[in-house]
Student: 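Below you will find the structure I want to go over with you.
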Amino acid sequence: MEISTMIIIGLILVIALLIIGYCIRVIPQSNAYVIERLGAYSHTLDKGMHLILPFVDRVANRVSLKERVQDFAPQPVITKDNVTMQIDTVIYFQITDPVLFTYGIHNPINAIENLTATTLRNIIGDLELDQTLTSRDIINSQMRAILDEATDPWGIRVQRVEVKNIIPPRDIQEAMEKQMRAERERRESILRAEGEKRSAILIAEGENEAAILRAQAKKAAMIAEAEGEAEAIDKILTAQASAALKLEAISADNAYIKLKSLEALEKVADGKATKIIVPSELQNMASLLASAKEIMTSDK
């Protein structure tokens, strides 16, 4: 009897613990629990510890309030110029109302994917191929605005929409590659021509500057040479003038020189030298003196 009583008490304690565990709910951060009471929505539990009624309340949905990322498969779309391409998108969204997210629509993620595909087809259908390839920002902004408005009744806010890949048909890709290759070759030719032109200009400018420098150097050399010759001539003339002044200072009168010459000749004549070298001018003077002496002797 005592054993069965203990078993019953143990079962009661286990059931009580299970009921308490069921009634006590700890909600993590950035989460919300939607509670139904007797099959109808009752309230929403935020972060923290809460109590619910056993057998009456139940957790209808556990909703994460964090921002989510959903990558959808590529969707076939047709451009305005009838080119079929594959485009896949990435959606960044956040649940703002757990109740609307729970009761607003069935399978909201699938609904967002289908809505994204239809919205993308509508936007791309108004654009041509080239515009589609170069208008990603426009496509992203238009899709975000449309999806955010459409998902607002579901308690979802679309933060961003990004076009991940745009895959045109194979023949279009080959044509684009050829066009890009031709464009690169054209740019290369232009750059090469501009480089050659710039090189020719630099060479011509260098030759011109070199010719100018050579002419300036030649001019400077000629000026220096002329200045040197003028300086040399000036020094020669200065030296000649100085020499003339010195000769003038030390020179004597011609008459005085002739008189001294006669006196010297007379002394020489009275000497005993056997051989005398007399300059021609003195010889003339000596003959003139001898003639004068003979005339004076004959008069006597």
Side-chain angles (χ1 to χ4, degrees), residues 28-32 61-195:
Q29 180 73 30
S30 300
N31 284 268
N61 193 10
R62 294 175 175 84
V63 180
S64 175
L65 302 179
K66 297 178 182 179
E67 185 174 351
R68 303 185 186 184
V69 181
Q70 191 69 36
D71 187 1
F72 297 131
Q75 300 292 329
V77 295
I78 301 175
T79 62
K80 187 177 181 180
D81 49 355
N82 297 322
V83 177
T84 302
M85 61 179 60
Q86 299 286 330
I87 299 179
D88 60 336
T89 55
V90 179
I91 306 296
Y92 297 82
F93 66 94
Q94 185 178 14
I95 299 172
T96 57
D97 192 330
V99 177
L100 293 178
F101 181 75
T102 302
Y103 300 105
I105 189 172
H106 176 70
N107 197 349
I109 302 301
N110 186 35
I112 294 175
E113 182 178 4
N114 293 327
L115 182 60
T116 301
T118 56
T119 304
L120 187 62
R121 290 189 182 98
N122 293 333
I123 295 175
I124 300 300
D126 294 332
L127 300 175
E128 295 182 354
L129 175 62
D130 294 338
Q131 293 176 328
T132 303
L133 297 175
T134 58
S135 303
R136 292 198 179 196
D137 293 338
I138 298 175
I139 297 172
N140 295 338
S141 60
Q142 290 182 357
M143 288 188 61
R144 195 207 69 80
I146 295 173
L147 292 176
D148 186 49
E149 182 180 358
T151 58
D152 188 64
W154 306 339
I156 298 173
R157 181 176 60 214
V158 178
Q159 304 283 12
R160 294 189 307 278
V161 178
E162 298 291 339
V163 175
K164 185 177 180 181
N165 287 317
I166 299 177
I167 307 172
R170 186 58 188 172
D171 55 345
I172 300 296
Q173 293 184 23
E174 293 177 356
M176 292 172 61
E177 291 176 357
K178 292 179 181 179
Q179 182 180 0
M180 293 176 61
R181 190 180 300 110
E183 181 66 19
R184 286 194 295 268
E185 292 176 355
R186 184 183 68 85
R187 292 180 181 178
E188 182 183 0
S189 300
I190 292 174
L191 292 176
R192 187 184 302 110
E194 290 179 352

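Model, not experiment: these values are computed from the prediction. These numbers come from the heavy atoms of this one structure, side chains and all, not from hydrogens, waters or symmetry mates.
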Student: When you look at Gln70 and Glu113, which way does the side-chain contact (heavy atoms from CB on, under 4.5 Å) test go after all the steps?
Tutor: CA-CA 9 Å; Gln70 191 69 36; Glu113 182 178 4; over 6 Å; no
Student: Rounded to the nearest 0.5 Å, what separates atom CG in Leu100 from atom OG1 in Thr151?
Tutor: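 Reported to 0.5 Å precision, the distance equals 11.0 Å.
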Student: Just grab all the side-chain hydrogen bond (donor to acceptor under 3.5 Å, both in side chains) pairs involving residues 137-146, residues at least two apart or on different chains.
Tutor: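 Every side-chain hydrogen bond (donor to acceptor under 3.5 Å, both in side chains) pair that includes a residue of residues 137-146, provided the two are not neighbours, is Asn140-Glu162.
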Student: With rounding to the nearest 0.5 Å, note down the distance linking CG in Leu129 to CE in Met85.
Tutor: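 The CE atom of Met85 is 4.5 Å from CG of Leu129, to the nearest 0.5 Å.
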Student: Return each pair, listed once, that meets salt bridge (charged side-chain N to carboxylate O under 4.0 Å, His left out) where at least one residue sits in residues 181-192; pairs must be two or more places apart or across chains.
Tutor: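 Those involving residues 181-192 are Glu183-Arg186, Glu183-Arg187, Glu188-Arg192.
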Student: What residue among Asp97, Val99, Thr102 forms side-chain contact (heavy atoms from CB on, under 4.5 Å) with Val63?
Tutor: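 When side-chain contact (heavy atoms from CB on, under 4.5 Å) is applied between Val63 and each of Asp97, Val99, Thr102, only Thr102 qualifies.
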Student: Go through it in stages, so that I can follow the logic: the residues are Val77 and Arg121, the test is side-chain contact (heavy atoms from CB on, under 4.5 Å), and I'd like the CA-CA distance, side-chain angles, deciding distance and then a yes or no.
Tutor: CA-CA 5 Å; Val77 295; Arg121 290 189 182 98; 3.6 Å; yes
Student: May I ask you to check whether over 12 heavy atoms, not counting those of Leu133, lie within 6.0 Å of atom CG?
Tutor: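 Atom CG in Leu133 is packed in, count exceeds 12.
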Student: Would you say Thr118's side chain and Leu115's backbone share a donor-acceptor pair under 3.5 angstrom?
Tutor: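 Confirmed, Thr118 side chain pairs with Leu115 backbone.
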Student: Calculate, to the nearest 0.5 Å, the distance between atoms CD1 and CZ belonging to Ile112 and Arg68 respectively.
Tutor: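 Reported to 0.5 Å precision, the distance equals 9.0 Å.
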Student: What side-chain donor-acceptor pairs closer than 3.5 Å can you find for residues 88-96, not counting sequence neighbours?
Tutor:
| unit_1 | atom_1 | unit_2 | atom_2 | d |
| --- | --- | --- | --- | --- |
| Asp88 | OD1 | Asn165 | N | 2.8 |
| Gln94 | OE1 | Arg157 | NH2 | 3.0 |
| Gln94 | OE1 | Gln159 | NE2 | 3.0 |
| Gln94 | NE2 | Leu65 | O | 2.9 |
| Thr96 | OG1 | Gly155 | O | 3.3 |

Student: Nearest 0.5 Å please: distance from the CD1 atom of Ile123 over to the CD1 atom of Ile138.
Tutor: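 Separation between the atoms: 10.5 Å.
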Student: Please check: side-chain N/O of Ser30 versus main-chain N/O of Lys66, any donor-acceptor pairing under 3.5 Å?
Tutor: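 Side chain of Ser30 to backbone of Lys66, a donor-acceptor pair under 3.5 Å: no, none is there.
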Student: Calculate, to the nearest 0.5 Å, the distance between atoms CD1 and CG belonging to Ile139 and Asp126 respectively.
Tutor: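 Nearest 0.5 Å value for the CD1-CG distance: 11.0 Å.
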Student: With a 6.0 Å cut-off (strictly less than), is the heavy-atom count around CD1 of Ile167, excluding the residue itself, greater than 12?
Tutor: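 Above 12, so yes.
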Student: Could you tell me the separation between the CZ atom of Phe72 and the CG atom of Asn110, rounded to the nearest 0.5 Å?
Tutor: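 Output value for this atom pair is 8.5 Å.
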Student: Would you check if Ile124 and Thr79 make a side-chain contact, meaning some heavy-atom pair closer than 4.5 Å?
Tutor: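 The answer is yes; the side chains approach within 4.5 Å.
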Student: Counting C-beta onward and ignoring hydrogens, is there a side-chain heavy-atom pair between Thr132 and Val83 closer than 4.5 Å?
Tutor: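 No, too far: nothing below the 4.5 Å cut-off.
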Student: Side chains of Val158 and Met143: closer than 4.5 Å at any heavy-atom pair?
Tutor: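 Answer no - side chains too far apart.
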Student: How close do Ser64 and Asn31 get, heavy atom to heavy atom, and via which atoms?
Tutor: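 Taking Ser64 first and Asn31 second, the nearest heavy atoms are CA-OD1, 3.8 Å.
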